[in-house]
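Note that ligands are numbered from 1 as they come in the structure, with each ligand's atoms numbered from 1 the same way.
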Amino acid sequence: MKILHVSSEMLPYAKTGGLGDVVGALPRYLSRRGHDVRAFIPLYDTMDTDAVDLDLVIPELTFPMGHHQIRTRIFRDADNPTAYFVHCPGLYSRGSIYTGHDDEHRRFLALNVAALTACQYLGFAPDVIHCHDWQAAMLPLLLKVRFGWDRLFANTRTLLTIHNLNYQGGFSSAVVPDLHIGGSEHLLHQELLAQGRVNFLLHGILYADGVSTVSPTYAHEIQTPEFGAGMDSFLRQRSSTVVGVLNGVDYEEWTPAADPLIPFRYSADDLSGKERNKEALLNAMGLPYVKGVPLIGVVSRMASQKGFHLVPGVLPGLLARRDVQLVALGSGDPRIEDIFASLQRYFPRQVSYYRGFSNKLAHFIEAGADIFMMPSVYEPCGLNQMYSLRYGTIPVVHRTGGLADTVQLVDPVNGTGTGFLFDHHTEEGLRWGLTTALKAYRTPGLWEKIVANAMAMDYSWEHQTLVYEELYSRLVS
Ligand code: ADP
Ligand code: GLC
């Protein structure tokens with residue numbers, strides 16, 4: 001099949017969260033299966049262009065957008081011919097992937113139009129266009145209206161994948177002229193338009209041939225008012241086309257036996273390296289190492305979604321009463337960053353927090369910690385709990401979305417299960433999860449079993465790529 005991906009993030013070029021991991025992996029795994037795959041992302045100034053050998057494939061690609069004339073050039077990674085970049089410094093040289101600027105809608109509309117126009121230029125007729133999140137959600141409508149005349153796209157089907165329903169790309173209706181769908185404005189959601197608003201994600205939900213999200217449980221949850229973020233009724237209307245496909249893990253990057261980013265490699269057969277990583281991690285984070293003291297790890301965007309507002313009510317008591325340590329990595333909302341900064345201040349021998357983004361430290365924490373804490377309020381899929389499983393770092397998670405689909409509750413009697421899930425997103429819930437995990441940690445024989453169960457789990461892209469292939473085939477037929 002010919003498959004086009006359109007996304008705002010893609011590893012190793014641009015990433016703020018799991019979307020980058022997914023779009024960095026899926027196109028690559030699809031090409032290995034023999035498909036002709038192209039993935040378009042913006043060429044941000046934050047990308048390390050010294051590390052990428054860029055080939056110019058289209059020297060000039062220009063199109064109007066409202067009163068603006070958007071001039072772009074299209075590059076390709078010489079070493080990864082699936083990756084295409086839309087070069088337009090006026091839009092993408094802003095020092096970060098996302099901005100709150102007035103033209104945020106235009107930055108990503110331009111990505112959509114450039115990707116479709118590049119297809120015309122290259123004579124690439126996609127069977128499927130896989131659109132990721134709100135940044136590509138207007139594409140199905142643009143394809144119908146603005147590009148519908150072109151027979152190149154006569155058999156093209158679109159799939160919208162929702163990685164996070166709470167980011168919707170909502171803008172004032174003043175952006176409508178930038179869509180260039182004159183004469184077809186009745187296709188925009190009229191009620192919203194009457195309120196002076198447009199919502200990009202909504203139009204993807206309405207017009208994509210297929211809609212998917214990144215776990216079966218989240219696919220169900222987003223059709224309820226509680227998790228639907230105002231979109232649940234539209235998703236219910238399209239319920240027969242809404243499916244949940246769990247993200248895969250790129251085990252070429254996340255395997256402790258072959259991870260170049262950690263000091264000591266290890267496997268389920270020989271965990272001695274894990275203990276040495278723990279000692280090295282604590283050292284690096286400025287904390288004392290005492291054998292037998294459990295270490296909790298956190299790697300996360302510091303966003304309200306991740307549920308850390310439960311931490312101030314739970315962790316101080318736990319740290320004061322028990323021999324336990326915590327290392328945390330993440331940045332984002334300053335109020336959430338402060339939760340971890342304060343813990344570090346109050347418990348300087350037990351807590352260390354690194355505010356920032358570091359892939360190396362993320363790997364190091366996965367390898368060195370014993371327990372991984374992820375109390376998300378909602379979680380479309382979540383990748384870190386799956387990485388944790390592979391690293392034998394036992395997740396303590398809220399039972400929601402992809403966390404519910406990938407972590408199995410430990411049964412201490414039979415020694416089954418891979419982690420600890422709490423049902424209610426409350427302080428009691430998180431406290432129960434952590435204290436139950438700590439108890440299991442100290443139960444002779446039990447922890448080793450849980451670690452072995454966790455490390456044996458397989459959520460590989462090899463398998464999930466086949467699921468997408470099937471979904472694409474269904475759309476095309
Ligand atoms: P989300 O996409 O909602 O942030 P996921 O669990 O799907 O959650 O993916 C998060 C990805 O981002 C993981 O690869 C994780 O390791 C990475 N990540 C998050 N915060 C940081 C950070 N501060 N430094 C390095 N990697 C991070
Ligand atoms: C979003 C979600 C996360 C998911 C990721 C990749 O950022 O918050 O749960 O794993 O996208 O699909």
Side-chain angles (χ1 to χ4, degrees), residues 5 7-12 14-26 97-98 130-136 159-168 201 212-219 221-222 227 229 244-254 259 261-262 297-308 327-333 336-337 340 353-367 369 372-391 393 395 397-398 400-407 459 461 464 468:
H5 285 263
S7 168
S8 56
E9 298 187 25
M10 178 181 190
L11 263 183
K15 156 169 166 171
T16 66
L19 174 63
D21 301 47
V22 171
V23 182
L26 178 58
I97 295 179
Y98 305 113
H130 193 155
C131 307
H132 298 272
D133 274 351
W134 76 259
Q135 290 85 1
L159 173 67
L160 170 71
T161 292
I162 299 169
H163 294 265
N164 194 328
L165 189 65
N166 287 54
Y167 297 84
Q168 301 183 350
L201 191 69
S212 77
T213 184
V214 287
S215 70
T217 295
Y218 193 61
E221 287 170 343
I222 57 178
F227 290 97
V245 181
L246 207 60
N247 287 330
V249 174
D250 190 354
Y251 288 123
E252 284 164 23
E253 208 209 323
W254 295 94
D259 185 341
L261 298 179
I262 60 174
V298 167
V299 177
S300 185
R301 284 187 298 117
M302 294 292 163
S304 57
Q305 169 195 349
K306 302 298 176 180
F308 293 122
V327 289
L329 160 67
S331 56
D333 183 338
I336 305 171
E337 293 176 345
F340 289 96
Y353 167 49
Y354 182 87
R355 185 195 307 252
F357 193 92
S358 162
N359 187 39
K360 188 161 187 247
L361 186 54
H363 282 249
F364 204 0
I365 292 176
E366 290 293 4
F372 193 85
M373 178 169 74
M374 202 162 165
S376 313
V377 180
Y378 70 93
E379 195 60 75
C381 177
L383 294 170
N384 276 114
Q385 82 283 7
M386 294 197 271
Y387 301 154
S388 300
L389 292 169
R390 183 46 63 103
Y391 283 71
T393 304
V397 302
H398 176 216
T400 186
L403 300 174
D405 292 334
T406 54
V407 180
Y459 292 107
W461 269 118
Q464 294 314 98
Y468 273 112

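Of the options Glu9, His132, His163, Gln305, the smallest heavy-atom separation from atom 1 (C) of ligand 2 is shown by His163. Taking only non-hydrogen atoms, the option from Arg355, His163, Lys306 nearest to atom 1 (P) of ligand 1 is Lys306.
Residue Asn247 touches ligand 2 through its side chain alone, judged by heavy-atom distances below 4.0 Å. The proximity of Leu19 to ligand 2, defined as any non-hydrogen pair under 4.0 Å, is limited to the backbone. Contacts with ligand 1 closer than 4.0 Å are made by no heavy atom of Ala303, backbone or side chain.
At a threshold of 4.5 Å between non-hydrogen side-chain atoms, the residues Glu9 and Val22 do not count as touching. Taking 4.5 Å as the limit, some side-chain heavy atom of Leu19 sits within range of a side-chain heavy atom of Ser8. Between Tyr218 and Leu165, the closest side-chain pair of non-hydrogen atoms falls below 4.5 Å. Side-chain contact between Leu160 and Leu201: present, with at least one pair of heavy atoms (C-beta onward) separated by less than 4.5 Å. The shortest side-chain heavy-atom distance between Tyr354 and Ile365 does not fall under the 4.5 Å cut-off. Side-chain contact between Tyr378 and Gln305 is present, with heavy atoms from C-beta onward closer than 4.5 Å. Using a 4.5 Å heavy-atom threshold, the side chains of His132 and Thr161 count as touching. Side-chain contact between Met386 and Trp254 is absent, with no heavy-atom pair separated by less than 4.5 Å.
Counting only heavy atoms of the protein, atom 16 (O) of ligand 1 lies nearest to Asn384 ND2, 3.3 Å. Looking at atom 7 (O) of ligand 1, its nearest protein heavy atom turns out to be Leu383 N, 3.3 Å. Nearest non-hydrogen protein atom to atom 12 (O) of ligand 1 is Lys15 CE, 3.5 Å. The nearest heavy-atom contact from the protein to atom 10 (C) of ligand 1 is Gly18 N, 3.5 Å. Nearest protein heavy-atom neighbour of atom 27 (C) of ligand 1: Phe357 CE1, 3.5 Å. Among all non-hydrogen protein atoms, the one lying nearest atom 25 (C) of ligand 1 is Ser358 O, 3.3 Å. Atom 23 (N) of ligand 1 has its closest protein heavy atom at Gly356 O, 2.8 Å.
Which parts of ligand 1 touch Gly330 is read off a 4.0 Å heavy-atom cut-off, strictly below it: atoms 23 (N). Within the listing of ligand 2, atoms 2 (C), 8 (O), 9 (O) sit less than 4.0 angstrom from a heavy atom of Pro380. Which parts of ligand 2 touch Asn164 is read off a 4.0 Å heavy-atom cut-off, strictly below it: atoms 8 (O). Every atom of ligand 1 with a heavy atom of Arg301 under 4.0 Å away is listed here by number and element: 1 (P), 3 (O), 4 (O), 19 (C), 20 (N).
Within the 4.0 Å heavy-atom cutoff, Ser300 counts among the residues contacting ligand 1. At least one heavy atom of Tyr387 lies less than 4.0 angstrom from ligand 1. Ligand 2 lies less than 4.0 angstrom from a heavy atom belonging to Gly382. In this structure, Pro380 falls outside the shell of residues with a heavy atom less than 4.0 angstrom from ligand 1.
Taking any N or O of Glu379, backbone or side chain, at least one lies under 3.5 Å from an N or O belonging to ligand 2. Below 3.5 Å of separation, one finds no N or O of Val22 facing any N or O of ligand 2. Where the criterion is an N or O separation shorter than 3.5 Å, residue side chain and backbone included, Thr16 fails it with respect to ligand 1. For Gly18, no nitrogen or oxygen atom sits less than 3.5 Å from a nitrogen or oxygen atom of ligand 2, counting backbone and side chain alike. Considering both main-chain and side-chain atoms, Trp254 never comes within under 3.5 Å of ligand 1 through any nitrogen or oxygen pair.
In this structure a side-chain-to-backbone donor-acceptor pair under 3.5 Å is present from Tyr251 to Tyr459. Checked by atom type and distance alone, the side chain of Glu253 never pairs as donor or acceptor with a backbone atom of Asp21 at under 3.5 Å.
Between Asn359 atom CG and Lys15 atom NZ the span is 5.5 Å, to the nearest 0.5 Å. Taken to the nearest 0.5 Å, the OG1 atom of Thr393 stands 14.0 Å off from the OH atom of Tyr387. In this structure, CG on Asn247 lies 5.0 Å from CH2 on Trp461, to the nearest 0.5 angstrom.
Taking the six-membered ring for Trp and the full ring otherwise, Phe340 and Phe308 have centroids separated by under 6.0 Å.
Looking at Leu246, Leu403, Thr406 one by one, the single match for side-chain contact (heavy atoms from CB on, under 4.5 Å) with Ser215 turns out to be Leu246.
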